[in-house]
Amino acid sequence: MLVPVLCPVVGLFLILILAAPQVQVQGLAITNGHCQKNISVKYQVPVTKRRPNGAEASSDADNYVVFEERVRWDNIQVCCPGYRTILFGFCEPVCQEPCPSHSHCVEPDRCHCLRGYEPSHHHHRPHQLLCRPVCQGGCPEHSHCVAHNECQCRAGFKDSSSWFSLVLRCERIQCGPEQRYDPAHRACVKIEMSMEELMQRVADRLAKGLEAEGDAEVTTELEAEKL
C-alpha cells in the first residue's frame, strides 16, 4: 500500500536534487585540466509515519508521509583554476595576455609555438615570446622563410623560376626609365618628382636641346663654306 505514495515522492525527491542543491566545497584534486570537488548535497527523503490514536489496529488512513533532510558527499568534475569550460564539458587553459602569432595557449598563462615554428625572443623585450617559421634546408639566395617550409623572395627581387620547377629562384627586379621599386607594393612605380626636381629636369633638357641646335648651326656653316 505504500507504493502509490512512494512513486510520486521519489519523483519529487529527484526534482529536489536537480533543482536546488546546497553545495559546500571541501576539497580539490587536479587531474589534467579537470578538478574533482568534494561537495555536500542536502536532499530530502520521504518517511512514512503513523498517527498515534491509541488503538492497536490501524489503517492506511492513519499513516502519513513527511520529508526529512539528509546530507551526502559527492565528487563532481569541474575545470581547475586557470581553465575555462568549453563545449561538451572540456576545459581550456586561459592566457591573460594573448599569445603571439603562430602559437597557442597550452597551460594557464603559458604559450607554445605551433608545429613548424620555433620560439624566439624580441631583442628589446626578452620575456616576450616570438614564433618564427622553420624551413627545412634553408631558403635560396635572396629569399627568406615566411611560413613553415615556405620561402619568399626578398624585397627588390622576384621569382624567376619556371612553373614546373620546385626550386625558388630570385632575381633582382629591373625597373624601367623614370621608375623605381616600391617595397610596400613590391612593384615598380613611376617616380614622382617635386616641382624643383621637375624644373631642374626641364632645364637640363633645354640645355641639351640648345647645345644640339648650336652644333647643327656650326655644321651648316662649315658645309656652306666648303661650297
Q: Could I get the full list of side chain to side chain donor-acceptor pair (under 3.5 Å) partners for D159, not counting sequence neighbours?
A: S161
Q: Starting at NE2 of H112, measure out to NE2 of H104 and round the result to the nearest 0.5 Å.
A: 7.0 Å
Q: Which atom names give the shortest non-hydrogen contact between T48 and N63, and what distance separates them?
A: CG2-CB, 4.1 Å
Q: Taking all atoms of both residues into account, what is the closest heavy-atom pair of P93 and C105, and its distance?
A: CG-O, 3.5 Å
Q: For V71 and S40, which heavy atoms make the closest approach, and how far apart are they?
A: CG1-CB, 4.1 Å
Q: If you take all heavy atoms of H34 and G89, which pair is closest and at what distance?
A: NE2-O, 3.2 Å
Q: Which pair of non-hydrogen atoms, one from V78 and one from K37, has the smallest distance, and what is that distance?
A: CG2-CE, 3.5 Å
Q: Determine whether I76 and V41 fall in the same hydrophobic cluster, where Ile, Leu, Val, Met, Phe, Trp and Tyr are linked whenever their side-chain heavy atoms lie under 4.5 Å apart.
A: yes
Q: Considering residues at least two apart in sequence or located in another chain, which fulfil the side chain to side chain donor-acceptor pair (under 3.5 Å) criterion with Q128?
A: R125
Q: Taking C95 and C111, which are both Cys, do their SG atoms fall under 2.5 Å of each other?
A: no
Q: Evaluate disulfide (SG to SG under 2.5 Å) for C139 paired with C151, printing each intermediate quantity in order.
A: CA-CA 6 Å; C139 290; C151 299; 2.1 Å; yes
Q: Please, which pairs that meet salt bridge (charged side-chain N to carboxylate O under 4.0 Å, His left out) have at least one residue in residues 147-157, sequence neighbours excluded?
A: none
Q: Would you say NE2 of H144 has more than 12 non-hydrogen atoms from neighbouring residues, nucleotides or ligands within 6.0 angstrom?
A: yes
Q: Work out which heavy atom in V134 is nearest to a heavy atom in C145; give both atom names and the distance.
A: C-SG, 3.8 Å
Q: I need the full list of salt bridge (charged side-chain N to carboxylate O under 4.0 Å, His left out) pairs touching residues 77-91, with sequence neighbours left out, sorted by first then second residue.
A: R84-E92
Q: Nearest 0.5 angstrom please: R110 CZ to C99 SG, how far?
A: 10.5 Å
Q: Please go through L87's hydrophobic cluster and name the other residues, only I, L, V, M, F, W, Y counting, with side-chain heavy atoms under 4.5 Å joining them.
A: I86, F88, F90
Q: For the CZ atom of R132 and the CD atom of E118, what is their distance to the nearest 0.5 Å?
A: 4.0 Å
Q: Is the closest side-chain heavy-atom distance between C35 and P81 below 4.5 Å?
A: yes
Q: Do the side chains of C80 and C91 get nearer than 4.5 Å, heavy atoms only?
A: no
Q: Inspect the surroundings of CZ in R115 and state if more than 12 heavy atoms from other residues, nucleotides or ligands are less than 6.0 Å away.
A: no
Q: Taking the side chain as C-beta and beyond, is there a heavy-atom pair between R169 and V167 under 4.5 Å?
A: no
Q: Going by atom types only, do Q36 and Q77 share a side-chain donor-acceptor pair under 3.5 Å?
A: yes
Q: Could you measure the distance from the CG atom of N149 to the CD atom of Q136? Nearest 0.5 Å is fine.
A: 5.5 Å
Q: Using side-chain heavy atoms (C-beta onward) and a distance below 4.5 Å, is I173 in contact with C188?
A: yes
Q: What residues, two or more places apart in sequence or in another chain, satisfy ring pair (Phe, Tyr, Trp, His ring centres under 6.0 Å) together with H142?
A: F157
Q: Just so I know, are the side chains of C153 and L168 near enough to count as touching, which here means a heavy-atom distance under 4.5 Å?
A: yes
Q: Should we count CD of E68 as having more than 12 external heavy atoms under 6.0 Å?
A: yes
